[in-house]
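Okay, structure first, notes after.
Both counts, for ligands and for their atoms, begin at 1 and track the order of listing. As a basis for the values below, the full set of heavy atoms in this structure was taken, side chains included, without hydrogen atoms, waters or symmetry mates.
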Amino acid sequence: VTSRPHAPQSVALAVDVGGTTIKAELVDRAGAVVAAEQRPTPQGHQALETVAEVGRTLLAQRSDAPVVGAGVVVPGLVNREAGIATYSANIGWRDLELVRSLGAEWRLPVRIANDVAAGGVAEHRLGAGVGTQDLAFVALGTGIAASIVSGGHLVTGHRGETAEIGHLGVRPGVRCACGRDGCLEAVASAAAIARRYTGLSGNDVIGARDVAERLNADAVARQVWQDAVEALADALAILSLVVNPARVVIGGGLSRAGEALLAPLRVALRQRATIVHPAEVTASVLGDRGGVIGAALLARDGWAPES
Ligand SMILES: [Zn+2]
């Protein structure tokens, strides 16, 4: 089969709705960006109108390339089958009918999914997960969540609410924002690291990055950092016992700390690997583009596993 020499390549509309920024791209089959736009994320249901607008703006720039469909990835809980963004604490929406609204607006088939799932699928197919069929992608940011690819399939669970490892109870005595006691997120998220450092040292810091920068010179920073690493290793050890990933890919804002995070995490994980083989721990390759790349893959094939 030969294609016409100048036939326009098809594109997918990919949108990653983050807590602060909406990233939208037209992406060709090879994953190259044809056009891109960003908007600040409005709070609550107003975010829907901004997603619709940024999609309209991009579709107007597509020249004659056919658009195969749209993938939209969002934080929080998602009912993929019903096409509804069920809940996001960050953005503050509930039961938003994204697929129906955006499909009517853009006149395209639209699929939606959770953003951490998108990051995991993108790393599996095109990033740090290439070469394995069993990986866990862990997004370490303001909160902590994960996605699991097992035997090449994204684990979706009963209602799509899988791998919420930020709320594994690993540190009894520490209160979590979710109302439970001892959650990983209350010790090891970027927000928790900054908050705990300020509480123990009396020094105000803006974020976990400031704590990471003090690791060489500040014993309190080292302690808070190591506490976070140990708690994370406890959670990943549970994950290893349950699904036994070959590789754990660390993404999210905290992954920018690089080896300052990964090296002690590998040590802590090996110390806990008494029964099963420890996972290889590696940094995300796609960084903060993982979400939008996952959205483009979602638009193209609905994340059907390659056969
Ligand atoms: Zn919690």
Report yes or no: do Thr57 and Glu53 form a side-chain donor-acceptor pair below 3.5 Å?
yes
Rounding to 0.5 Å, atoms OG (Ser88) and CZ (Arg94) come to a distance of 10.0 Å
**Asked** Would you say the side chain of Leu297 lies within less than 4.5 Å of the side chain of Val27, judging by non-hydrogen atoms?
**Response** no
(message) Please determine whether salt bridge (Lys or Arg N to Asp or Glu O under 4.0 Å) holds for the pair Glu37 and Lys23, giving the CA-CA distance in whole Å, both sets of side-chain angles, and the decisive distance to 0.1 Å.
(response) CA-CA 6 Å; Glu37 293 277 339; Lys23 289 189 226 119; over 6 Å; no
### Message
Whether the Tyr197 and Asp218 side chains hold a donor-acceptor pair (N or O, under 3.5 Å, no angle test) is what I'd like checked.
### Response
yes
Could you list the donor-acceptor pairs under 3.5 angstrom formed between side-chain atoms of residues 169-176 and any protein atom two or more places apart in sequence or on another chain?
residue: Arg171; atom: NH1; partner: Asp234; partner atom: OD2; Å: 2.8
residue: Arg171; atom: NH2; partner: Asp234; partner atom: OD2; Å: 3.1
residue: Arg175; atom: NH1; partner: Gly179; partner atom: O; Å: 3.4
residue: Arg175; atom: NH2; partner: Gly179; partner atom: O; Å: 3.0

The expected count of protein N/O/S atoms at less than 2.8 Å from the Zn ion (ligand 1) is 4
